[in-house]
Amino acid sequence: MAGRGAQAVVRPSAIPVTVIGGFLGAGKTTLVNHVLQGDHGLKIAVLVNDFGAVNIDAALITSSEGGVYSLANGCVCCGLNQGLVEQLEELLERPGSFDHMVIEASGVADPARIMDTVRYARFAGRLQADAVVVLVDLAGFDQAMTAAPGLAETQLDAADLVVLNKADLVPLSQIEAWRKRWQWPGMRVITAVDARVPFDFLFAGQQTGADRAHDHAHAHEQPVSRTWRSSAPVDLEALAAVLKSLPPAVYRAKGFVRDSQGRQLAVQVVGTRVTVVPVGPGASSVGDGSILVLIGFGADADFDGTLARLDACASPSR
């Protein structure tokens, strides 16, 4: 019988990776600082293009070794002063594990190509592509489009989540115009001030701690989560159909399901991208049933309708 509760999803062994992209001046470094100084309760490794541009409070740095800075909140930060592959390998070999990795792309980089590196076979089972977050400078994007139209559009095409940043610098009417401009099917778009993106969006399904960014979000963009659980086998074809047609306001879904053959599969939905793969040997405490956590944008998210459709995917008769 299907059911609903508040149990949190369990993290698989592979470390999720978020790539932060956006044109020059969009607010990427501000977002990185928000992560490094945040009270999210996660151990996060952050790779940045130019460590000197990151304004970490010296009081937060507890130690440094080989260009890797350990912070009081469990994060580490290092510059991309060598190849990305080598830097990722070095971090993976460091003692202790991370809950998440964040890679800041340069302002002229294609974030999709960086995420392709994360998907290299050498990182299979160790890293997992989670999301590409692309920031837009609301006050300066027209200039960016003039300076490098192809690049700016390429960056946006790679995004699972578009952050319309610096919302305090433009009138509401302009924000709404931008929302319509980027409201293509399935695209998830939020606004932010000072790149204060709620951690619930950046690190979905990982039980983040208090997020002070909520104080700055618009009321209709407050992140809200609902949990779906079932003890009955799930029809994977029906499940895929539901996950591919989530309401635009439901941004993330993450968890595990059990099919009619007794297989446990990990489910990831970021934006319009749906991934269902067998659970690896490193996963723990998955249990015998299914559990999915949905994260959306509050009042605009049709949670009840989505949960009802998920219920229909799981039945004792299947």
Side-chain angles (χ1 to χ4, degrees), residues 9-22 28-29 31-36 38 40-49 51 54 68 71 74-80 82-94 96-106 109-135 155 157-163 188 195 197-208 251-255 266-277 279-280 282-283 293 295:
V9 69
V10 178
R11 168 174 74 82
S13 57
I15 300 173
V17 178
T18 296
V19 175
I20 296 174
K28 298 183 299 299
T29 300
L31 178 54
V32 166
N33 273 307
H34 173 50
V35 171
L36 291 174
H40 39 65
L42 300 174
K43 295 177 65 177
I44 298 175
V46 180
L47 290 76
V48 298
N49 291 298
F51 184 80
V54 177
V68 179
L71 307 183
C75 293
V76 301
C77 181
C78 61
L80 277 172
Q82 55 182 310
L84 177 58
V85 170
E86 290 76 13
Q87 194 77 63
L88 290 172
E89 290 282 9
E90 181 179 329
L91 287 172
L92 287 169
E93 292 173 0
R94 290 181 66 83
S97 60
F98 300 109
D99 299 309
H100 209 104
M101 285 192 182
V102 174
I103 303 173
E104 180 195 356
S106 78
D110 178 359
R113 297 187 65 178
I114 295 176
M115 193 59 99
D116 286 344
T117 302
V118 173
R119 296 191 180 96
Y120 282 178
R122 66 190 299 162
F123 295 125
R126 297 191 293 163
L127 297 178
Q128 171 185 302
D130 192 56
V132 175
V133 179
V134 174
L135 292 99
Q155 292 173 338
D157 286 343
D160 296 304
L161 173 66
V162 173
V163 179
R188 270 61 174 176
V197 179
F199 293 130
D200 294 342
F201 288 160
L202 291 177
F203 313 121
Q206 297 197 34
Q207 304 181 61
T208 61
Y251 169 61
R252 302 289 299 257
K254 186 173 183 177
V267 177
Q268 280 269 2
V269 181
V270 182
T272 58
R273 179 160 43 85
V274 178
T275 304
V276 180
V277 297
V279 172
V293 176
I295 300 177

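Contact between Cys78 and Val68 at its shortest, heavy atoms only, is CB-CG2, 3.8 Å. Taking all atoms of both residues into account, the shortest heavy-atom contact from Ala14 to Gln128 is CB-CB, 4.0 Å. Contact detail for Ala45 and Leu91: the closest heavy-atom pair is CB-CD1, 4.2 Å. Pairing each heavy atom of Lys28 with each of Ala105, the nearest pair is CE-O, 3.2 Å.
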### side-chain contact (heavy atoms from CB on, under 4.5 Å) evaluation trace for Val163 with Leu31
CA-CA 11 Å; Val163 179; Leu31 178 54; 5.8 Å; no

### Query
What's the verdict on side-chain contact (heavy atoms from CB on, under 4.5 Å) for Leu202 and His40, showing C-alpha distance, side-chain angles and the deciding distance?
CA-CA 10 Å; Leu202 291 177; His40 39 65; over 6 Å; no

### Trace of the side-chain contact (heavy atoms from CB on, under 4.5 Å) decision for Phe199 with Leu42
CA-CA 10 Å; Phe199 293 130; Leu42 300 174; over 6 Å; no

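Phe98 places none of its side-chain heavy atoms less than 4.5 Å from the side chain of Leu92. Looking at Lys254 and Pro16, their side chains come closer than 4.5 Å, going by heavy atoms from C-beta outward. Inter-residue side-chain proximity for Val102 and Leu36 is flagged as unmet; no heavy-atom pair is nearer than 4.5 Å. Side-chain contact between Leu47 and Leu84 is present, with at least one heavy-atom pair separated by less than 4.5 Å. In this structure the side chain of Phe123 never reaches within 4.5 angstrom of the side chain of Val17, judged on heavy atoms.
Looking at residues two or more places apart in sequence or on another chain, you find a side chain to side chain contact (heavy atoms under 4.5 Å, CB included) between Ala158 and Asp110, Pro111, Ala112, Val132. Every residue two or more places apart in sequence or in another chain that forms a side chain to side chain donor-acceptor pair (under 3.5 Å) with Glu89 is listed here: Arg122, Arg126. When the side chain to side chain donor-acceptor pair (under 3.5 Å) test is applied to Glu104, the partners found at least two apart in sequence or on another chain are Thr29.
Judged by distance alone, with hydrogens and angles left aside, the side-chain atoms of His34 form no donor-acceptor pair with the main-chain N or O of Ala195 at under 3.5 Å.
A salt bridge does not link Asp116 with Arg113: none of the charged nitrogens is closer than 4.0 Å to a carboxylate oxygen.
One distance of note links CG of Leu161 with CD1 of Ile20; it measures 10.5 Å at 0.5 Å rounding. Taking CG of Asn49 as the reference point, atom CD1 of Ile103 lies at 10.0 Å (rounded to 0.5 Å).
For the side chain to side chain contact (heavy atoms under 4.5 Å, CB included) with Thr18, the qualifying choice from His100, Met101, Met115 is His100, the only one to do so.
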